Structures are given as structure tokens and as C-alpha cells.
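The block underneath contains the structure these notes are about, expressed in C-alpha cells.
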Amino acid sequence: MKTLKVMLALVLVLTFSSSHAQNTKAEKENLPIDKKTNCYIRYYYFPNLQAYFDNLEMVYYYKENGVWKTAPELPKNYGGYSLYNKARVTITDYDDDQPYNLLQIHKKLYPYNSKGRFINQTASSE
């Protein structure tokens, strides 16, 4: 009976500790740093969508009806666009909280490309 209680307690402790580990938020200090700009590599820009993915918050930033929205997944009208599918540009010179403020710059540097490829797939304004 004592062994059963110990086993039950062990299972409960492991269950709670694993669920806590899954709920902890990513830390900014764990993101890679670009050596040229000394910024965290936090965002991907998707030129074909004019949207961003945040590696820290694990959310997408996209425009809907003229308003920037945040969501863990892109809406259905984006056609199931994958984070690892098609063109994406790594943003190396910005690590604040509103990457969409740089949209006009990124649209000029990385225009829509139907083949989904770019010569330089990192964005830096330097």
C-alpha cells in the first residue's frame, strides 16, 4: 500500500511539472542574435502575405480589414500558408514588439514573388 501511495505521488508530481513546463513562455534571451546588428532574430516576414511571424510569442501578425491582428494561426483565407512553406525573410534588424511598422520598407525590399524565392532571405536595413 505504501508503494502505491509513493507511485501515485510520483505520477502527480511528474504530471504537474510537465504541464508547467509546457505553459512557460519563451524567453527573449533564448532567441539567436544576429552578429551584425546585435538584434534578436525574432521575426519572419512573409512577402506573399505581407504578414509576420513572431518566434518569441509564437503568433502571426497580419492585416485584416485594414487592422493589424495577432493570432497563433493564420485565418483560413490565407489558404493554409505554412511557416516553413514558400518565401520567408528573416528580420535581423528589429526585435521590438511591432514589426508591422516596417511593412513599407519590407514591401520595397522583398516584393511579392510568385516562385517564393529571394536571393537574400534576411532583412537588414544596413
Side-chain angles (χ1 to χ4, degrees):
M1 189 68 166
K2 185 176 182 179
T3 307
L4 182 60
K5 287 181 182 179
V6 170
M7 292 294 282
L8 183 59
L10 184 62
V11 167
L12 287 173
V13 168
L14 290 175
T15 302
F16 287 122
S17 67
S18 68
S19 66
H20 174 69
Q22 292 173 353
N23 291 333
T24 56
K25 189 175 162 183
E27 303 261 337
K28 191 171 187 176
E29 293 77 25
N30 293 337
L31 294 174
I33 295 178
D34 183 75
K35 291 180 177 155
K36 289 182 183 176
T37 61
N38 204 28
C39 286
Y40 292 103
I41 299 175
R42 181 174 174 183
Y43 297 105
Y44 291 120
Y45 170 61
F46 297 95
N48 296 359
L49 301 176
Q50 295 180 5
Y52 295 89
F53 181 76
D54 184 343
N55 282 313
L56 181 63
E57 301 291 331
M58 302 303 285
V59 294
Y60 289 92
Y61 294 96
Y62 59 94
K63 216 172 198 180
E64 187 174 88
N65 298 325
V67 178
W68 283 97
K69 305 264 182 162
T70 304
E73 295 179 359
L74 289 169
K76 296 199 185 287
N77 61 334
Y78 280 93
Y81 198 91
S82 171
L83 174 63
Y84 300 103
N85 189 10
K86 304 281 184 189
R88 79 170 187 227
V89 178
T90 305
I91 306 300
T92 60
D93 61 350
Y94 185 81
D95 58 7
D96 284 336
D97 293 328
Q98 298 175 334
Y100 42 83
N101 289 337
L102 301 175
L103 180 63
Q104 294 306 317
I105 294 169
H106 293 150
K107 281 171 61 174
K108 287 179 184 174
L109 289 173
Y110 305 99
Y112 173 80
N113 183 338
S114 62
K115 296 190 183 195
R117 293 185 197 93
F118 296 95
I119 295 170
N120 180 7
Q121 292 195 316
T122 59
S124 178
S125 58
E126 294 181 2

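Quick caveat, the model's predicted, so the values are computed rather than measured.
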Any chance you could measure [X], atom [atom1], to [Y], atom [atom2], to the nearest 0.5 Å?
| X | Y | atom1 | atom2 | answer |
| --- | --- | --- | --- | --- |
| K63 | N65 | NZ | CG | 11.0 Å |
| Y61 | D97 | OH | CG | 6.0 Å |
| L102 | I91 | CG | CD1 | 7.5 Å |
| D95 | N55 | CG | CG | 12.0 Å |

Would you please name every residue forming a side-chain contact (heavy atoms from CB on, under 4.5 Å) with E64, sequence neighbours left out?
-> Y62, K69, P75

Residues two or more places apart in sequence or in another chain: which of them pass side-chain contact (heavy atoms from CB on, under 4.5 Å) with Q50?
-> Y45, L103, K107

Return yes if some donor-acceptor pair links the side-chain N/O of Y43 with the main-chain N/O of D96 below 3.5 Å, else return no.
-> yes

Does a side-chain heavy-atom distance below 4.5 Å link H106 with Y52?
-> yes

Could you tell me whether the side chain of E57 reaches within less than 4.5 Å of the side chain of T70, counting heavy atoms only?
->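 Not in contact.
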
Please check if I41 and Y110 belong to a single hydrophobic cluster, counting links between Ile, Leu, Val, Met, Phe, Trp and Tyr side chain heavy atoms closer than 4.5 Å.
->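 Different clusters.
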
Minimum heavy-atom distance between [X] and [Y], given as atom pair plus value:
| X | Y | value |
| --- | --- | --- |
| F46 | R88 | CE2-CB, 3.5 Å |
| C39 | D93 | SG-C, 3.8 Å |
| P47 | P111 | CB-O, 4.1 Å |

Taking it one step at a time, do W68 and Q98 satisfy side-chain contact (heavy atoms from CB on, under 4.5 Å)?
-> CA-CA 10 Å; W68 283 97; Q98 298 175 334; over 6 Å; no

Carefully, step by step, assess Y44 and V89 under the rule side-chain contact (heavy atoms from CB on, under 4.5 Å).
-> CA-CA 5 Å; Y44 291 120; V89 178; over 6 Å; no

By salt bridge (Lys or Arg N to Asp or Glu O under 4.0 Å) - contacts of D54 (at least two apart) |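 By the salt bridge (Lys or Arg N to Asp or Glu O under 4.0 Å) rule, D54 matches R42.
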
